[in-house]
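Below, each value reflects all heavy atoms present in this structure, side chains not excepted, and no hydrogens, waters or symmetry copies.
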Amino acid sequence: MGPVTRAEKQVGLFTALYVIGFTLWFFAIGNFEFVIYVVTMLILIGLVATSLRKVEYPPKLLWALTLWGLLHMAGGGVPVNGSVLYTLELIPFVSDGEMTILKYDQVVHFYGFGTTAWLLWHIMTHTFPVLKGTKTAFALPALGAMGLGAVNEIIEFSAVLMVPDTNVGGYINTALDLVFNAAGALCAMVLVTRINRNPDAKKAP
């Protein structure tokens, strides 16, 4: 494994500081629901860290990923109006119980799984450069991000089963999460493929 770059060290230090800080905070306030998410996040950090030299993630992507982690930790750890930041209504497009749009939680889902689609696109095109600029390189990362979004909902369901009085929400909340995951993934792939368009690429099916 090659040497860790300065940018990677900076991202790693920043990530370690807020993960440790929020973990201590979650234990202090008894928010054991988010301790489960911390464990999940540590696994994801480990996967990225162990694949740094294989995939050569660009610094912008690493910063985007760690920002998602910070937004996630803040969503569950910052108290707002007797609840947490995740429940905060940002813009009242629709305000009807669980059918509330637009909340902080939905913005994080949109951003997070858009970033996930970008991550999957980078892995795919780095491993198989011939796919860059193809329809395949657009579709598979978007679909993969949606699939990982569904895994996230399974993790939230597990938290509901293991920890009473969570802020996860019900069926409508889950459905909205999946919609914002999909919207974020598709928007990210439109943006990423336009920026990285390869006019010489063959049109793969």
Side-chain angles (χ1 to χ4, degrees), residues 19 31-51 55 57 61-62 64-77 84-88 90 93-94 97-128 131 135-193:
V19 169
N31 188 342
F32 299 110
E33 171 195 351
F34 255 77
V35 172
I36 298 172
Y37 289 101
V38 170
V39 173
T40 303
M41 188 169 173
L42 290 175
I43 293 172
L44 296 175
I45 290 171
L47 290 173
V48 172
T50 54
S51 61
V55 187
Y57 302 107
L61 177 54
L62 293 176
L65 288 168
T66 195
L67 176 59
W68 180 23
L70 177 59
L71 292 173
H72 181 52
M73 294 290 101
V84 292
L85 186 57
Y86 260 139
T87 63
L88 179 66
L90 300 176
F93 290 120
V94 179
E98 277 206 335
M99 191 62 187
T100 297
I101 303 172
L102 180 73
K103 296 192 300 183
Y104 175 90
D105 175 43
Q106 294 157 355
V107 172
V108 175
H109 274 272
F110 181 92
Y111 171 80
F113 288 96
T115 303
T116 301
W118 179 17
L119 171 71
L120 295 175
W121 175 89
H122 175 77
I123 293 172
M124 175 180 289
T125 57
H126 180 85
T127 307
F128 305 103
L131 292 176
K135 294 177 182 178
T136 300
F138 176 94
L140 291 188
L143 292 171
M146 294 179 207
L148 290 173
V151 172
N152 179 72
E153 296 306 314
I154 293 172
I155 295 171
E156 289 191 355
F157 179 58
S158 301
V160 170
L161 296 177
M162 290 187 285
V163 181
D165 300 323
T166 67
N167 290 300
V168 170
Y171 174 80
I172 292 177
N173 179 74
T174 299
L176 286 172
D177 286 351
L178 293 173
V179 168
F180 278 91
N181 292 348
L186 290 171
C187 288
M189 289 318 302
V190 169
L191 182 61
V192 168
T193 53

Do you know which two heavy atoms are closest between L85 and A74, and how far apart they sit? CB-O, 3.7 Å

What heavy-atom pair brings M41 and G69 nearest, and what distance separates the two atoms? CE-CA, 3.3 Å

Test log, rule side chain to side chain contact (heavy atoms under 4.5 Å, CB included), inputs L65 and L44: CA-CA 10 Å; L65 288 168; L44 296 175; over 6 Å; no

Least distance between heavy atoms, A185 atom then A142 atom: CB-O, 3.8 Å

Under 3.5 Å, side chain of H109 to main-chain N/O of G149, donor-acceptor pair present? no

Report the distance from atom CG of L140 to atom NZ of K135, rounding to the nearest 0.5 Å. 13.5 Å

Minimum heavy-atom separation for V84 and T87, please, with both atom names. O-OG1, 2.8 Å

Working note: H72 + T40, criterion side chain to side chain contact (heavy atoms under 4.5 Å, CB included); need CA distance, chi angles, decisive distance, verdict. CA-CA 12 Å; H72 181 52; T40 303; over 6 Å; no

Which of parallel (below 30°), tilted (30 to 60°) and perpendicular (above 60°) describes F113 and W68? perpendicular

First locate atom CG of L186, then atom CG of L191, and finally report the distance between them rounded to the nearest 0.5 Å. 12.5 Å

Interatomic spacing from CD1 in I123 to CG in L61 - rounded to 0.5 Å: 8.0 Å

Between CG of L88 and CG of L102, what distance do you get to the nearest 0.5 Å? 10.0 Å

Look up atom CG in N181 and atom CD in Q106, then write down how far apart they are to the nearest 0.5 Å. 10.5 Å

I'd like to check V190 versus F138 (side-chain heavy atoms, cut-off strictly below 4.5 Å). Are they in contact? yes

Side chain to side chain contact (heavy atoms under 4.5 Å, CB included) evaluation trace for V107 with F180: CA-CA 8 Å; V107 172; F180 278 91; over 6 Å; no

Spell out, as yes or no, whether a donor-acceptor pair under 3.5 Å connects the side chain of Y104 to the backbone of L71. yes

Answer whether the closest heavy-atom distance between the side chains of N152 and D177 falls below 4.5 Å. no

Approximate separation, where rounding is to 0.5 Å, of T115 OG1 and F110 CZ: 10.0 Å

Closest non-hydrogen atom pair between E98 and N173, with its separation: OE1-N, 3.4 Å

When you measure from the side chain of Y57 to the backbone of S51, do you find a donor-acceptor pair of N or O atoms at a distance under 3.5 Å? no

Is it the case that the side chain of T100 and the backbone of G97 share a donor-acceptor pair, with hydrogens and angles ignored and the cut-off at 3.5 Å? yes

Under the 3.5 angstrom rule, does the side chain of T66 hit a backbone N or O of L62 as a donor-acceptor pair? no

